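Read the structure below first, then the notes.
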Amino acid sequence: MIAIAPSILAADFSKLGEQVAEAEAAGAQRLHVDVMDGHFVPNLSMGPVVVEGLRPRTRLLIEVHLMVTDPAKFVQPFIAKGADLVIVHLEVLPDARPLLSEIKAAGKLAGLAINPDVPIDAFIPYLPMLDLALCMTVFPGFGGQPFLPESPDRIARLRRLIEQHNPRCDLEVDGGIDARTAPIAVNAGANVLVVGTGIFRHAKGITAAVRELATL
Ligand code: DX5
Ligand code: ZN
């Protein structure tokens, strides 16, 4: 089963609730919330208040992707506002285990992300405790970037590692996913697709975009 996680970074924020409701009705399974601190990535985005606003408006799983230099500071505030899954970046954590354990101890799902320039094998020590491994398919910071060509090989390697170490762990991809690249990512082994521009800026609208992705 492939799950679609619309990234609200590409939504029209003047009608965020309506656009999320449309994506949910069209068959999306999750909401992806990109949190950027202007330090780990050269862009600023949203804080826990956005999760607080969305939580009563949707039944979808809310996943928070923390692209921040100090994720330990923000895990609890996002959980308090209703995040179901928290994804942290390995690049800022000398040892990600304590923070992943903290997320699990709060009864939430734990995810770990790595950038395109980090070897996939860096996931190995963490896989047994992960609910989700996020293979970035662009350098994080902005929506609308092209899917990096080295991604399929990286996804395939991660799929092999997941089968070996923790087959229940989801393999998520994020960046440049649309109707053209989604099948490439899925064939390589991804089962959760983050899609921002490809849903919220699709020429035929949100419903058509989600349905198209769901039938690939
Ligand atoms: C990139 C973010 C992504 C982004 C994806 O820094 O982590 O989640 O919103 O956007 P698209 O689908 O437009 O590449
Ligand atoms: Zn993201």
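The first residue in the sequence is number 1, and the count goes up from there. We count ligands from 1, going down the list as the structure has it; atoms in each ligand are counted the same way. Because the structure is predicted, anything quoted here is derived from the model rather than measured.
- Heavy-atom proximity to atom 9 (O) of ligand 1, evaluated over Gly196, Pro6, Ser7, is greatest for Ser7.
- Annotation: Gln145 places no N or O atom under 3.5 Å from an N or O atom of ligand 1; distance criterion only.
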>> If you apply the rule salt bridge (Lys or Arg N to Asp or Glu O under 4.0 Å), what do you find for Asp170 with Arg30, and how did you get there?
In response: CA-CA 13 Å; Asp170 284 316; Arg30 301 170 169 229; 3.2 Å; yes
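- Residues Asp178 and Thr197 form no side-chain contact, since every pair of their non-hydrogen atoms from C-beta on lies 4.5 Å or further apart.
- Considering only non-hydrogen atoms, atom 3 (C) of ligand 1 lies nearest to Asp174 out of Ile199, Val33, Asp174, Thr197.
- One finds a salt bridge joining Asp131 and Lys104 here, because a Lys/Arg side-chain nitrogen approaches an Asp/Glu carboxylate oxygen to under 4.0 Å.
- Using a 4.5 Å heavy-atom threshold, the side chains of Glu63 and Val194 count as touching.
- One finds an angle of 90° at the Zn ion (ligand 2) between NE2 on His32 and OD1 on Asp34, to the nearest 10 degrees.
- Ligand 1 places these atoms under 4.0 Å from at least one heavy atom of Pro140: 6 (O).
- For the pair Arg201 and ligand 1, no heavy-atom separation below 4.0 Å is found.
- When the options His89, Glu172, Arg154 are evaluated for a side-chain contact (heavy atoms from CB on, under 4.5 Å) with Met136, the one that passes is His89.
- Ligand 1 has a nitrogen or oxygen under 3.5 angstrom from a nitrogen or oxygen of Gly144.
- Asp174 contributes atom OD2 as its closest N/O/S atom to the Zn ion (ligand 2).
- Within the structure, the closest approach of Gly141 to ligand 1 falls below 4.0 Å when heavy atoms are considered.
- Note: the hydrophobic cluster containing Leu100 does not contain Leu61 (ILVMFWY, side chain heavy atoms under 4.5 Å, direct or indirect links).
- Using a 4.5 Å heavy-atom cutoff, the side chains of Thr137 and Leu148 are not in contact.
- Against a heavy-atom cut-off of under 4.0 Å, His65 is close to the following atoms of ligand 1: 7 (O).
- Annotation: Gly176 places an N or O atom under 3.5 Å from an N or O atom of ligand 1; distance criterion only.
- The side-chain heavy atoms of His65 and His32, taken from C-beta on, include a pair separated by under 4.5 Å.
- Take the N/O/S atoms of His65: the one nearest the Zn ion (ligand 2) is ND1.
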